[in-house]
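One structure is given here, and the rest of the page talks about it.
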Amino acid sequence: MSAPSGPGLHRRRFLLSGGSALLGGAGLLLSGCDRASEAPAFRDLLGRAEGLTRTSQRLLQGRSALAREFAAADISPEFKANGTIEPDTDIYAALLDDGFADWRLQIDGLVDRPAALSLAELRSLPSRTQITRHDCVEGWSAIGKWTGVPLGLLLKSAGLKPNARYAVFHCADDLDGEAGKGGEQSPGLYYESIDLIDAFHPQTILAYDMNDAPLPVAHGAPLRLRVERQLGYKHAKYLMRIEIAERLDHLGRGKGGYWEDRGYEWYAGI
Ligand SMILES: Nc1nc2c(c(=O)[nH]1)N[C@H]1C(S)=C(S)[C@@H](COP(=O)(O)O)O[C@H]1N2
Ligand SMILES: [Mo]
């Protein structure tokens, strides 16, 4: 057996100690043999023993692993619309009225070339289509087909400044005191943020189509984020502006997102 070394080993040891309560004697036995910990079957066992927790998934697979993609037959006949289902601001109503012809996606902040892109321009760029499962913290899931522009592509063409660390998504909807949307806790524009690892993940797209049709208003028209390794609330709908930032504490109440400001985790990895 070769001498174990490198960061991978530390990860496995960490996982072993984390899982040992569940693995019991087997955990102790296996921890003596690093070759066993390399074996796919062992990884499976470990994953199950930990109840497939998000933490172990992340450590075993890494941040760049792809979310599962499904077949067309798996698409949910009903996809619940959640949170805002139509922003009630005058600005949004006017944009919707003329089919988003005047809507522009602003890209600014820590970029070399700020941009304002129309829907037609976004549709003319290379696209990605993916059938994925959306998981909401409220306990429901749905499978949908999404088509859009890879966010990484837009960020590359905008050119990131060296101190860029986050992509912040500013949305059109103000959850102004509406119960059921957390608004009773305090008003505020919906916003979200992700780090650059998620921003450049190949399945992170700005979707303009859902199930082969233009994105419905209830699901975030004209453009919404799909960040497939993250929970539902990170998938910002009704996108207006992407701000590249070094910090998050100047936004909202400083926690990086509308729901994060109300107690949810910023990193909602799945
Ligand atoms: N702008 C905006 N984005 C949002 C929300 C919202 O209320 N406003 N709700 C979030 C939550 S909690 C979920 S589960 C998903 C729901 O997306 P859907 O309506 O397409 O199901 O959108 C997320 N993005
Ligand atoms: Mo959600």
Side-chain angles (χ1 to χ4, degrees), residues 58 61-69 83 100 103-135 144-173 189-210 214-215 219-248 251 256-260 266-270:
R58 272 207 305 280
Q61 300 180 331
R63 294 283 306 278
S64 61
L66 296 180
R68 182 174 168 196
E69 295 195 17
F100 299 108
W103 174 91
R104 295 290 181 276
L105 176 69
Q106 305 286 337
I107 302 178
D108 58 23
L110 299 174
V111 295
D112 296 326
R113 292 171 293 279
L117 300 164
S118 70
L119 208 47
E121 284 170 319
L122 290 168
R123 284 182 176 279
S124 74
L125 294 172
S127 70
R128 186 179 205 282
T129 295
Q130 58 206 28
I131 301 174
T132 52
R133 194 186 66 213
H134 179 99
D135 297 310
K145 181 178 183 180
W146 306 98
T147 300
V149 191
L151 176 60
L153 196 116
L154 291 181
L155 298 188
K156 262 183 222 148
S157 63
L160 298 184
K161 304 264 195 213
N163 52 339
R165 286 191 62 199
Y166 304 101
V168 181
F169 303 89
H170 296 279
C171 306
D173 53 328
L189 288 167
Y190 203 95
Y191 77 103
E192 257 305 338
S193 60
I194 59 177
D195 63 20
L196 294 183
I197 298 176
D198 271 326
F200 283 94
H201 187 283
Q203 289 168 320
T204 298
I205 63 172
L206 304 180
Y208 43 69
D209 281 348
M210 177 186 189
L215 190 63
H219 292 288
L223 195 72
R224 64 104 46 92
L225 175 67
R226 295 297 311 168
V227 51
E228 303 293 355
R229 296 287 309 282
Q230 299 265 351
L231 284 170
Y233 61 90
K234 302 294 291 188
H235 299 232
K237 307 195 285 187
Y238 314 111
L239 294 179
M240 299 294 283
R241 176 179 170 221
I242 297 175
E243 175 189 0
I244 303 303
E246 182 174 15
R247 315 170 58 98
L248 301 172
L251 302 154
Y258 179 85
W259 284 112
E260 288 85 335
W266 178 78
Y267 189 80
I270 48 177

**Asked** Taking S193 for the side chain and G256 for the main chain, is one N or O donor matched with an acceptor at less than 3.5 Å?
**Response** yes
**Item:** Derivation of the salt bridge (charged side-chain N to carboxylate O under 4.0 Å, His left out) call for R241 and D108
**Value:** CA-CA 8 Å; R241 176 179 170 221; D108 58 23; 3.0 Å; yes
**Request:** Can you sort out the partners of W146 under ring pair (Phe, Tyr, Trp, His ring centres under 6.0 Å), two or more places apart, ordered by chain and number?
**Result:** F79
**Message:** Nearest 0.5 Å, please: how far is CG in L154 from CD1 in I205?
**Reply:** 11.5 Å
**Item:** Stepwise side-chain contact (heavy atoms from CB on, under 4.5 Å) test for I270 and E228
**Value:** CA-CA 8 Å; I270 48 177; E228 303 293 355; over 6 Å; no
**Request:** First locate atom CG of L66, then atom CD of Q203, and finally report the distance between them rounded to the nearest 0.5 Å.
**Result:** 4.5 Å
**Request:** Sequence neighbours left out, what passes side chain to side chain contact (heavy atoms under 4.5 Å, CB included) with R104? Give chain and number order.
**Result:** Q106, A116, S118
**Request:** Kindly compute the distance separating OG1 (T147) from CG (D209), expressed to the nearest 0.5 Å.
**Result:** 5.0 Å
**Request:** Write down the atom of L117, the atom of W103, and the distance for their closest heavy-atom approach.
**Result:** O-CZ3, 3.8 Å
**Asked** Nearest heavy-atom pair of P126 and L153: which atoms, and what distance?
**Response** CD-CD2, 4.1 Å
**Request:** Hey, could you give me the CG/CZ distance between L206 and R226, rounded to the nearest 0.5 Å?
**Result:** 12.0 Å
**Request:** Can you run down the salt bridge (Lys or Arg N to Asp or Glu O under 4.0 Å) pairs that involve residues 126-135, sequence neighbours left out, and say none if there aren't any?
**Result:** E69-R128, R133-D135
**Fill in**
Value for OG (S64) from NE2 (H201), rounded to nearest 0.5 Å, stands at 6.5 Å
**Request:** Dump the intermediate steps for side-chain contact (heavy atoms from CB on, under 4.5 Å) on F200 and L160, then the final yes or no.
**Result:** CA-CA 12 Å; F200 283 94; L160 298 184; 3.7 Å; yes
**Item:** Residue pair E192 / A236: nearest heavy atoms and the distance that separates them
**Value:** CB-CB, 4.2 Å
**side-chain contact (heavy atoms from CB on, under 4.5 Å) evaluation trace for I194 with K234** = CA-CA 8 Å; I194 59 177; K234 302 294 291 188; 4.2 Å; yes
**Asked** In chain order, what residues pass the ring pair (Phe, Tyr, Trp, His ring centres under 6.0 Å) check against F100, with sequence neighbours excluded?
**Response** Y92
**Request:** Check whether more than 12 heavy atoms from other residues, nucleotides or ligands sit under 6.0 Å from atom CZ of R113, and answer yes or no.
**Result:** yes
**Asked** Among all residues two or more places apart in sequence or in another chain, which pass the side chain to side chain contact (heavy atoms under 4.5 Å, CB included) test with N163?
**Response** L110, K161, E246
**Prompt:** Are D195 and R63 within salt-bridge range, i.e. N to O under 4.0 Å?
**Reply:** yes
**Request:** Report the residues that fulfil side-chain hydrogen bond (donor to acceptor under 3.5 Å, both in side chains) with S127, sequence neighbours left out, ordered by chain and then residue number.
**Result:** none
**Request:** Tell me, with the steps shown, if Y233 and E260 meet side-chain contact (heavy atoms from CB on, under 4.5 Å).
**Result:** CA-CA 9 Å; Y233 61 90; E260 288 85 335; 3.8 Å; yes
**Request:** Grab the two heavy atoms, one from A207 and one from L215, that are nearest each other, plus how far apart they are.
**Result:** O-CD2, 3.5 Å
**Request:** Kindly compute the distance separating NZ (K145) from OG1 (T129), expressed to the nearest 0.5 Å.
**Result:** 6.0 Å
**Request:** Determine the interplanar angle of the Y190 and Y258 rings, folded into 0 to 90°, and report it as parallel if under 30°, tilted if 30 to 60°, perpendicular if over 60°.
**Result:** parallel
**Request:** For residues V168 and A245, report the shortest heavy-atom separation together with the two atoms involved.
**Result:** CG2-CB, 4.2 Å
